[in-house]
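Values reported hereafter were calculated over all heavy atoms of this structure, with side chains retained and with hydrogens, waters and symmetry mates removed. Keep in mind the model is a prediction, meaning the values are calculated, not measured. Below, chains carry the letters A, B, ... as their sequence lines are ordered, and counting in each starts from 1.
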2 protein chains.
Amino acid sequence: MEAEKDLFGKCPYMTAQKVLSGKWSIMILYHLGKKTMRFGELQRQLPDLTQSTLTKQLRALEENGLIERKIYPQVPPKVEYSLSDIGIKFKKVLVELAIWGGEYIETLKDKADRP
Amino acid sequence: MEAEKDLFGKCPYMTAQKVLSGKWSIMILYHLGKKTMRFGELQRQLPDLTQSTLTKQLRALEENGLIERKIYPQVPPKVEYSLSDIGIKFKKVLVELAIWGGEYIETLKDKADRP
DNA sequence: ATACATAGTATCTAATAAGATACTATTGGG
DNA sequence: CCCAATAGTATCTTATTAGATACTATGTAT
């Protein structure tokens, strides 16, 4: 698969950077980290991206093995997205990222307080 | 400053995603996390990006407050790059990212072993 | 027969980012 | 006077991403 080939043998940082490159990847992983969700629910959690963009981001994450897609043979369709094993392991990164992001926002506020 | 305004009040994940969006940001932060470096040394560590690209990435990181740029009034010029306070705090994220990236690469190898 | 719900596709456009290449400024040393 | 060393700029081109918009498929309920 395309996605795998060019990630092979690279350093962990480059690999991580590549996998996280989509503009919404972190947000999507965060939401799916809370619970498995259907497409529509995920979309409601992320009202700022369009359906086609969400589809593209999900496909990229799926190709890279971070999430899984389960199709129920129903009409109207039901498709559930969840974190894969390696996706679940990514939650540890998310924890640190959230802490750091909070601190970062604080530093911005500090700078704004006394300009 | 532009970079600050539109990050304000956002959630930590969105903020983090934005700051890390450059293709080389994580690699640069990793190298500067090891030690303060001059422009040329950094470039030697990252032979895959051109001078102009490196300059752009460094400027973006500086605008976002992650790194600091110290100019020595010399000829030929000497400019040192280092992590800012909030940049240093990012090292905790890097640690988790490296662990996860390593695990991720392993899963790719596993998949390749038995296709 | 028609409408509805869900999870999409297909195109096209616009915005952003990255990369290639060539050029600049300064000044101490030969 | 000319060269080397360092850290850039300035342009232009290309590639990658994201976003907008309109369309599709299908079984059930009315």
Using a heavy-atom distance cut-off of less than 4.0 Å, which residues of residues 31-41 of chain A contact DNA chain D? none
Is the shortest side-chain N/O distance from B:Lys23 to OP1 or OP2 of C:dG19 below 4.0 Å? yes
Within the modelled atom types, does a donor on one side and an acceptor on the other bring the side chain of A:Thr55 and the base of C:dA7 under 3.5 Å apart? no
Output the rounded distance in Å from OH (A:Tyr81) to C1' (C:dA7). 8 Å
To the nearest angstrom, the CD-P distance between A:Glu62 and C:dA7 comes to 15 Å
Take the protein atom CD of A:Glu80 and the nucleotide atom C1' of C:dT6, then report the distance between them rounded to whole Å. 13 Å
Under a criterion of less than 4.0 angstrom to any heavy atom of chain B, what are the 5'-terminal and 3'-terminal contacting nucleotides of DNA chain D? D:dA5 to D:dA10
What is the distance, rounded to the nearest whole Å, between atom NZ of B:Lys78 and atom C1' of C:dG28? 17 Å
Does any N or O in the side chain of B:Glu80 come within less than 3.5 Å of the main-chain N or O of B:Met37, such that one atom is a donor and the other an acceptor? no
Under 4.0 angstrom between A:Gln51 side-chain N/O and C:dA7 OP1 or OP2: no
Between C:dG19 (C1') and B:Leu49 (CG): distance, integer Å: 10 Å
Using heavy atoms to find the nearest nucleotide of DNA chain C for A:Pro77 and A:Arg59 separately, return the residue whose nucleotide is more 5′. A:Pro77
side-chain contact (heavy atoms from CB on, under 4.5 Å) partner of B:Leu83, chosen from B:Ile28, B:Leu61, B:Leu29: B:Leu29
Of A:Val75 and A:Ser52, the one whose closest DNA chain C nucleotide lies more 5': A:Val75
Run the salt-bridge test on A:Arg38 and A:Glu41 with the 4.0 Å N-O cut-off and return the result as yes or no. no
Atom-pair distance (NZ on A:Lys18; C1' on C:dA17), nearest Å: 15 Å
Whole-Å distance between C:dA17 P and B:Glu63 CD? 12 Å
Atom NZ of B:Lys78: over 12 foreign heavy atoms under 6.0 Å: yes
C:dG19 P sits how many Å from B:Leu58 CG, rounded? 14 Å
Can you classify the ring geometry of A:Phe39 versus A:Tyr81 as parallel (below 30°), tilted (30 to 60°) or perpendicular (above 60°)? tilted
Is there a donor-acceptor contact under 3.5 Å linking the side chains of A:Thr55 and A:Ser52? no
Considering only NZ, NE, NH1 and NH2 on the basic side and carboxylate oxygens on the acidic side, decide whether A:Glu96 and A:Lys91 come within less than 4.0 Å. no
Exam field: side chain A:Thr36 to backbone A:Ser82, donor-acceptor pair closer than 3.5 Å: no
Does the pair B:Trp24 and A:Met14 meet the rule for a side chain to side chain contact (heavy atoms under 4.5 Å, CB included), with working shown? CA-CA 8 Å; B:Trp24 300 96; A:Met14 285 293 281; 3.8 Å; yes
